[in-house]
Structures are given as structure tokens and as C-alpha cells.
2 protein chains.
Amino acid sequence: MLCLCGTLLRMSTAQGARARARTEVTAAIKDEARRQLAAEGAAKLSLRAVARELGMVSSALYRYFPSRDELLTALIIDAYDSLGEAAEAAYAKVRGESPARQWVVVCEAVREWGLARPHEYALIYGSPVPGYTAPSTTVPAAARVGLLLIGIVRDAHQDKGVAQWKLPAELRPEARRMAEDLAPDLPPAVVVVLIGVWAQLFGLVNFEVFGQFNRVVEDRETFFRHAAGQLAHHVGLVYPRSGATER
Amino acid sequence: MLCLCGTLLRMSTAQGARARARTEVTAAIKDEARRQLAAEGAAKLSLRAVARELGMVSSALYRYFPSRDELLTALIIDAYDSLGEAAEAAYAKVRGESPARQWVVVCEAVREWGLARPHEYALIYGSPVPGYTAPSTTVPAAARVGLLLIGIVRDAHQDKGVAQWKLPAELRPEARRMAEDLAPDLPPAVVVVLIGVWAQLFGLVNFEVFGQFNRVVEDRETFFRHAAGQLAHHVGLVYPRSGATER
DNA sequence: GCACAACAGAGAGCACTGCTCTTGCTTTGG
DNA sequence: CCAAAGCAAGAGCAGTGCTCTCTGTTGTGC
């Protein structure tokens with residue numbers, strides 16, 4: 001036990017030359033893979049090409065990633081983390097401001113991240129590429145943006161309460177379940193709307209990143225800000241200036 | 001001119017044995033490709049495997065589709081059409097009923113179509129697979145569901161008017177533009193919300209089809225019906241029983 | 001300090017892919 | 001009836017993921 005702890009500690013802090021080289025090569029592989037991903041898309045990402053570009057033979061690459069799909073999942077996790085970081089950074093900049101503004105700013109950060117890296121975005125919010133389901137190792141990284149959005153609503157709720165909708169009876173048990181799992185301190189009705197709005201946000205970003213808005217929406221930034229504001233309104237966050245949109 | 005017309009007419013009505021064989025083989029190829037698509041996903045769809053299964057040699061297949069990507073775009077168009085047909089069929093069944101109900105029923109049809117054929121759904125609403133942008137030949141087929149939704153709102157509007165939101169000033173020019181292109185007979189504010197809701201609908205379906213709701217939403221059908229109802233509410237369609245959801 | 005094990009890279013090779021080109025054969029239209 | 005066009009087949013090229021074997025190298029326990 002203690003011995004194992006010691007080993008782990010030593011490996012993570014003062015790693016030997018070999019271990020360091022390993023992490024460096026691993027990082028180099030992921031970097032080059034990310035470059036190819038950005039250039040050509042996930043479909044054309046090739047292990048051999050990555051190896052070639054790195055000046056090593058393709059079989060050597062399998063010492064670091066047991067398969068192409070494993071490389072891809074590593075990139076997926078990194079992408080989730082990068083997106084989460086971008087969202088959290090945007091959130092940090094508006095910490096003191098109104099919940100609605102925080103919400104819109106985080107949404108815009110997600111959108112901008114996706115527009116800047118369409119292929120990485122496609123990796124995580126497009127169709128799942130490798131097999132069928134993304135391995136469960138991606139779950140924690142994937143949850144970051146969602147948790148951030150929940151946090152914003154939670155703060156607003158603890159502050160002065162959020163407007164909430166009345167749920168139809170058939171949805172109430174499910175709503176209770178979801179609230180218990182995700183945010184026990186929030187009213188079930190809010191959690192239900194939140195989950196829906198979460199998906200809808202990525203619907204908006206998807207359509208823009210994947211070009212479905214081409215020749216439909218022109219001034220997409222303004223449009224998105226408006227839509228994100230409506231989503232905020234929908235989860236009960238109200239703009240201080242009494243609503244940018246109203247009946 | 002006349003001669004050409006005659007030729008075209010003859011080709012489309014009483015096509016020769018060769019032409020018939022060609023359309024038959026083309027259909028068989030697409031069928032087999034669709035089968036493999038459903039079984040393994042777009043990434044593993046292989047021209048050679050399709051040819052093998054059909055008992056022909058791979059090079060022969062290039063007489064019918066000039067490349068793998070062309071085959072895929074053919075499948076994409078078919079998928080759009082199939083989805084559009086499903087949506088229109090669902091719409092036809094509730095023609096006389098309230099706009100809100102029509103809306104929800106069409107949304108549910110989209111969801112069910114996607115859940116039944118996740119890979120075909122991924123082809124059209126997931127990340128664009130072939131190169132970068134889907135060729136413009138897919139546009140008309142792609143618009144069917146959107147036009148159907150617009151139609152529902154238009155009918156409701158002509159009937160008794162729909163509730164509409166006040167737009168912020170910065171969005172008004174863009175709103176006018178969008179309304180002019182898509183539905184000149186609808187108020188710009190409605191069109192803006194409609195486009196947003198259109199994207200949000202597919203955000204909901206995306207998350208469900210691609211498994212983002214796994215371990216988050218359990219009773220997904222009820223949840224979706226509720227969310228679709230809220231979207232209807234959002235575009236100004238109101239339930240006859242004074243709203244399934246209210247403040 | 002040294003032997004042994006774990007590791008890293010190289011190369012060959014397998015089965016597969018998309019795609020091209022050439023070669024015969026069949027159908028079709030003038 | 002015959003040239004032209006359409007079709008299938010086969011060989012072949014360049015590329016892919018992945019495995020296996022074979023060398024060196026590096027780190028570790030005795």
C-alpha cells in the first residue's frame with residue numbers, strides 16, 4: 001500500500017527520463033493528431049500519417065495508443081476539457097454580474113469555441129465516430145459545461161428564486177428523479193427545463209457549426225445572442241433591464 | 001427541342017431494358033449501402049463490401065456512383081426525403097387539430113424517425129461526414145421538415161394570429177431579411193423565434209439519438225413531448241386547454 | 001555492478017480500403 | 001448492320017489499421 005503510494009508519487013512528481021519522454025511523445029502525438037483533425041476532419045485522421053509526420057514508424061505509435069479509436073477518445077476527452085475550460089474562463093469574467101448575463105456569456109463561449117474548432121466540436125457533439133457509444137471515461141469531462149450552467153441557475157435560485165413552470169402530472173416523477181441526481185437543491189420543474197434548454201443550446205451551436213444556418217441566418221452572432229437570451233429567460237433567469245424580449 | 005422532350009419523355013415513362021436495369025441496380029446498391037450503414041455506421045460503409053454483397057466486382061460499382069462520397073450524398077438525400085415524408089405523414093394525420101398539437105406531433109415524428117435509424121439520422125444531422133460541406137443538391141430535401149413547421153405556424157397565424165415577442169433593435173434588420181426569404185407573410189419576430197426553435201428541436205433529438213441523455217433523462221418520451229410542447233408555446237402556438245405548461 | 005525484465009523503435013507483412021485503367025462483351029440507336 | 005455507348009471484370013496502385021518479430025536501450029532488484 002504505502003509502497004505503491006510512494007511509487008505513484010515518485011512517478012507523478014519526479015518522473016524518470018523514460019517516463020518524461022513517454023508523456024512528451026504522447027503529447028506530441030496528440031498535438032499532431034489534433035492538427036490533422038483540424039485540417040481534414042476525424043474521418044481522414046490517420047495513425048500512419050501522424051507517425052510519418054512525427055518521424056517515427058507507424059507500429060511504434062501503438063506503444064502509446066493501442067488503437068486509432070483510443071487516440072480519438074483521448075482527443076475527445078481533451079476537447080471536452082478544452083471546451084469546459086473556455087466556458088469556465090468566460091464565466092469567471094462575469095462572476096459578479098446578473099445570472100442572465102452569465103448564462104448568455106457562457107453560451108457565447110461555447111459557440112465561439114465550436115466555431116473556432118469545428119472538427120473538435122464535431123468530435124464531441126456531432127455523431128459519435130468510433131464505434132457506437134463513447135466510452136464512460138469521457139463522462140466527467142463531458143459534464144463540465146452542463147454543471148456550469150446548472151451552477152448559474154442554482155446561484156440565481158439561491159439568490160432570489162427563479163421563475164418556474166408548472167409541470168404536467170405525467171412528467172413529475174421523472175422530474176423528481178432528474179432533480180435528485182443532478183441538483184437536489186433545485187425545484188424539479190427548473191431542472192427539467194434546464195435539461196431541455198441544455199440540449200437546445202447545443203442544437204443552436206450544432207446548426208451553426210455544421211452549416212445548417214448557411215443561407216438562412218446571416219448575422220449569426222446577433223441571432224445567437226438573442227436565442228441564448230431566450231433560453232436564459234426560459235430557465236427563469238431574467239434580464240435586469242426587465243427582459244430583452246417580452247410578449 | 002421537341003425531339004429532346006420526346007427523348008426525355010420516353011426515357012422516363014417507357015425506359016428500355018438497359019435503363020430499367022440501371023435504376024434497379026442503383027436502387028440495389030443504395031439498399032445494400034443503407035443496410036451496412038444501419039449495421040455499422042457511415043465510417044465503416046465500404047464500396048467494396050457493398051459490391052461484394054451484391055455479387056459484383058468493386059470497379060463495376062463506379063459506373064453507378066463516381067465515388068464513395070457520391071453514394072453517401074445519395075443516401076443523405078434519401079434520408080432527408082424519408083424524414084420529410086415521415087413528418088408529413090404524421091402531419092396529415094392531425095390536419096384538422098390545433099396547431100400546437102400538429103407541432104408536437106410533427107416533432108415526435110422527427111424524434112421517432114431518428115431513434116429508429118440513428119445512423120441515417122447522424123448522416124444528416126450529425127457531423128458532416130464526406131468532405132466539409134454537404135453539396136447543394138441536398139438543400140431542397142433538407143428543407144422539407146423546416147417548411148412543414150413554418151407551414152404549421154403560418155396556418156395558426158392566418159387563423160387567429162400567434163403570440164409574438166418583441167425583438168431587440170439590433171436583431172430587427174436580420175429578422176426582416178429572414179422573414180423575407182422564408183415566410184414573407186409572417187411577422188419577422190415570429191420567423192426569428194421559429195428558426196431558433198427549429199435548431200433547438202434538433203438539439204433535443206440529437207442529444208437523445210446520440211446518447212447524451214443516457215443516465216440523465218430516463219422517461220425520454222414524456223420529457224420530449226413536454227419539451228416539444230414548450231417549443232410550440234415558444235413560437236406562439238397555444239394549447240387549447242390553456243397551456244400544458246404555464247407560469 | 002550486473003543480470004534480467006520492461007520498454008521503445010524498426011521493419012515486414014496481412015487484410016482491407018478507395019479508385020484507376022485496360023480489356024473484352026452486350027445492348028442500343030442511327 | 002455497325003459503330004458507339006454502356007457494362008462488368010480483373011489487375012494494380014497507394015493508402016489504411018493492426019500484428020508480429022526482431023533489435024537495441026533503459027531502468028531495477030539482487
Side-chain angles (χ1 to χ4, degrees), chain A residues 3-4 6-29 32-33 36-37 39-75 129-131, chain B residues 3-4 6-29 32-33 36-37 39-75 129-131:
Chain A
C3 158
L4 182 65
T7 313
L8 287 175
L9 192 66
R10 193 172 41 206
M11 279 188 63
S12 62
T13 56
Q15 38 183 309
R18 193 159 212 164
R20 188 195 351 262
R22 185 172 179 83
T23 65
E24 266 174 24
V25 174
T26 306
I29 292 172
E32 177 57 32
Q36 294 198 11
L37 181 68
E40 298 269 23
K44 311 221 165 170
L45 172 63
S46 133
L47 273 188
R48 289 182 113 113
V50 170
R52 206 180 305 132
E53 211 67 23
L54 259 54
M56 49 164 87
V57 89
S58 75
S59 59
L61 217 146
Y62 284 83
R63 301 256 168 217
Y64 299 89
F65 295 94
S67 79
R68 198 193 98 114
D69 284 3
E70 293 279 338
L71 211 196
L72 266 183
T73 34
L75 293 183
V129 198
Chain B
C3 158
L4 182 65
T7 313
L8 286 174
L9 192 66
R10 194 172 41 206
M11 279 187 63
S12 62
T13 55
Q15 37 183 311
R18 190 157 213 163
R20 188 193 354 260
R22 184 173 179 81
T23 65
E24 266 174 24
V25 173
T26 306
I29 291 171
E32 177 57 31
Q36 294 197 12
L37 182 68
E40 299 269 23
K44 312 221 165 171
L45 173 63
S46 135
L47 273 188
R48 289 183 113 111
V50 170
R52 206 180 305 131
E53 212 67 23
L54 259 54
M56 48 165 90
V57 88
S58 75
S59 59
L61 216 145
Y62 284 81
R63 299 258 164 212
Y64 299 90
F65 295 94
S67 77
R68 196 194 99 115
D69 285 3
E70 293 279 339
L71 211 195
L72 266 182
T73 36
L75 292 183
V129 198

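Every chain is numbered from 1, with letters handed out A, B, ... down the list of sequences.
The CZ-C1' distance, from A:Arg68 to D:dT19, rounds to 18 Å in whole Å. Note: CZ (B:Arg20) to C1' (C:dT26) measures 17 Å, nearest angstrom. In this structure, B:Met56 atom CE and D:dG10 atom C1' are separated by 15 Å, rounded to whole Å. Distance B:Arg63 CZ to C:dT20 P: 12 Å, rounded to the nearest Å. For A:Lys44 and C:dG18, the NZ to P distance is 12 Å, given to the nearest whole Å. At whole-Å resolution of the value, CG in A:Leu54 and C1' in C:dG9 are 13 Å apart. If you take CG of B:Leu47 and P of D:dA9, they are 15 Å apart, rounded to a whole angstrom. Regarding B:Arg22, its CZ atom lies at a distance of 13 Å from the P atom of C:dT28, rounded to whole Å.
For A:Arg52, taking side-chain heavy atoms from C-beta onward, the closest of the listed nucleotides D:dT19, D:dT16, C:dC16 is D:dT16. In the set C:dT17, C:dA10, D:dC18, the nucleotide with an atom closest to the side chain of B:Ala49 is C:dT17.
Residue side chain A:Arg18 reaches the base of C:dC7 through a donor-acceptor N/O pair under 3.5 Å, judged by distance alone. Contact of B:Arg48 with C:dG18 (side chain to base): a donor-acceptor pair of N or O atoms is detected under 3.5 Å.
Taken to the nearest 0.5 Å, the CG atom of A:Leu54 stands 6.5 Å off from the CD1 atom of A:Ile29.
Place A:Val25 and B:Ser67 on DNA chain C by their nearest nucleotides, and A:Val25 ends up nearer the 5' end. Checking B:Ser59 against A:Ala60, the closest nucleotide of DNA chain C that is more toward the 5' end is the one next to A:Ala60.
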